[in-house]
Amino acid sequence: MLQVPFIRENKEFVIERLAVRNMDASQMVAEVIELDESRRQIQTELDNTLAEANAISKEIGMLFKKGEVDKANALKAKTTDLKESSKDLSEQLAAKTDALNELLYKIPNIPHESVPNGNSDADNEEVFREGAVPKLHDDALPHWELAKKYDIIDFELGNKITGAGFPVYKGKGARLQRALIQYFLDKNTDAGYTEYQLPHLVNEASGFGTGQLPDKEGQMYHVTEDNLYLIPTAEVPGTNIFRDVILNENELPIGITGYTPCFRREAGSYGAHVRGLNRLHQFDKVEIIRIEHPDNSYKALDGMIEHVKSILNELNLPYRILRLCGGDVTFASALTYDFEVFSTAQDRWLEISSVSNFETFQANRLKLRFKNSNGKKELAHTLNGSSLALPRVLAGILENYQTEKGILIPEVLIPYTGFSIID
RNA sequence: GGAGAAAUGGCAGAGUGGUCGAAUGCGGCAGUCUUGAAAACUGUUGAGGGUCACACCUCCGGGGGUUCGAAUCCCUCUUUCUCCGCCA
């Protein structure tokens, strides 16, 4: 959520930058400013009314103490009007505040200056590429065929137990998945991230804090009986650790990591692109989250990119990094880099990580602040990224490491799997 | 799930209708002392809105009510603790 004073003071800039997202924000911006102005005006009026009522109450108290009951009772009559108008004003204030907030929830973050113009993922800018695409043998298979051939992932079984998009991993498949989780967590903690085990269900306030609510609730599974949501990413419980928190400047930066399953309804997705592990309703992910001083957040973002790169280099997978264009960058993000691994047998790129700087957009909703050196409270910057999303990494390994003898295990994972080939 | 008790500032803890945003202690910060530190002493120290700055307003788990006036009384929800039941 953008800060109102910022919008007020940078009206043209806000409109101009939001145009990168292909939106015309001029109407919304004007409305925000107008609503805020009238909100403040009503606030002042209400404050004055309450101040008067408070003063009278105090006086009545004194008069009663002195025993001047008649005078006190006379004053009581005066409060009736004040009560009525304060009630009226506070209703008006609530209405304005609600309207203002509702509008603010609809305004996305301001894209960073490096975000390119563009309408869709076709306009994303490739900024890095690494790793040779292996030459596969003639009978090379897509991962869902490999999964069946080696009996390591059972999609039909998941279908039976739950439904589409809930695969069952078994044997070496399950072990490989666990090895990856362990390996990712080790890499992250080695890089200074503190490991957390987080709840997989969150309340409304948390969903709101990171921006899934109120608009994107259709993406989450809702447990209606208890009004809780299954997490779509560890970002939600992880970032909400810091909701309503005021940090000391010297506590920054903070880096945390956590493994969680992620649940996404993915309503409206279907077809070949969602085959196999490409798109699931439940998947595993290891996430990294950083809370940063505003002066350092872009340096931190670069650091996160380097960190994810080092993992992919160790896994020796062919990948590329994209800087998302204005049309593709998510609602809350100012700048996002996507990592994609090349799926050799499918001949397409699969997104395996998304690393973003949200600047103060989430922090403003979360009320996540720190006391700066002047003792002033300032919104912190939040960042997060996957390191990494499991299923597509798994797909990439299965497809890129397949040989006629079986699927080789990347060297760095062997200590974790305890085997070097799936055959 | 049943019965009872409780929820106050970073923490501990007083306050049961008026001058209480709230005693006191601890912690934090600043200063005195010290070569430096500790100790001791002095001062300072919640959040949001509003203002050029003040003033002023709001907030004592959440919501609602009674009252001229609520941390304090009433209703309700949530959470925590104790006991019972169930259970990985």
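Just so you know, these numbers come straight off a predicted model, no measurement behind them. In what follows, every heavy atom counts, from backbone to side chain, and hydrogens, waters and symmetry copies are set aside.
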| request: For the residue pair A:Asn316 and A:Pro410, establish whether any side-chain heavy-atom pair is separated by less than 4.5 Å. | output: no
| query | So what does A:Lys78 hit on the nucleic acid, given a heavy-atom distance under 4.0 Å: a base, only sugar-phosphate, or nothing? | reply | nothing
| field | Spacing of the C1' atoms in B:G2 and B:A88 (rounded, Å) | value | 22 Å
| field | Mate of B:C41 where both pairing distances stay under 3.5 Å, Watson-Crick or G-U | value | B:G31
| said: Taking B:U67 as the reference, what is the distance to B:G62 when you measure between their C1' atoms (whole Å, please)? | reply: 22 Å
| request: Name the pairing partner of B:A6, where a pair is Watson-Crick or G-U wobble with both distances under 3.5 Å, or state none. | output: B:U79
| said: Holding to side-chain contact (heavy atoms from CB on, under 4.5 Å), I want the full list of residues that pass it with A:Pro199, two or more places apart in sequence or in another chain. | reply: A:Pro237
| Which nucleotide in B:U51, B:A47, B:C68 has an atom nearest any side-chain atom of A:Phe64 | B:C68
| field | Nearest-angstrom distance, P atom, B:U78 to B:C26 | value | 39 Å
| A:Ile397, A:Ile422, A:Ile421 screened by side-chain contact (heavy atoms from CB on, under 4.5 Å) with A:Ile409, the one that passes | A:Ile422
| task | Kindly say whether A:Ser354 contributes a backbone atom to a donor-acceptor pair with the side chain of A:Asp338 at under 3.5 angstrom? | result | no
For nucleotides 55-62 of chain B, print each protein N/O atom paired with a nucleotide N/O atom at under 3.5 Å, atom names and distance only.
from  : atom 1 : to      : atom 2 : distance (Å)
B:C57 : OP1    : A:Asn54 : ND2    : 3.2
B:C57 : O2'    : A:Asp47 : OD1    : 2.9

| task | Considering only atom P, compute the distance from B:A47 to B:C11 and round it to an integer number of Å. | result | 13 Å
Listing time: all N or O pairs from protein to nucleotides 69-75 of chain B that are below 3.5 Å?
from  : atom 1 : to      : atom 2 : distance (Å)
B:G69 : O4'    : A:Ser57 : OG     : 3.2

| request: Could you tell me which nucleotide pairs with B:G36 by Watson-Crick or G-U wobble geometry, both distances under 3.5 Å, or answer none if nothing does? | output: none
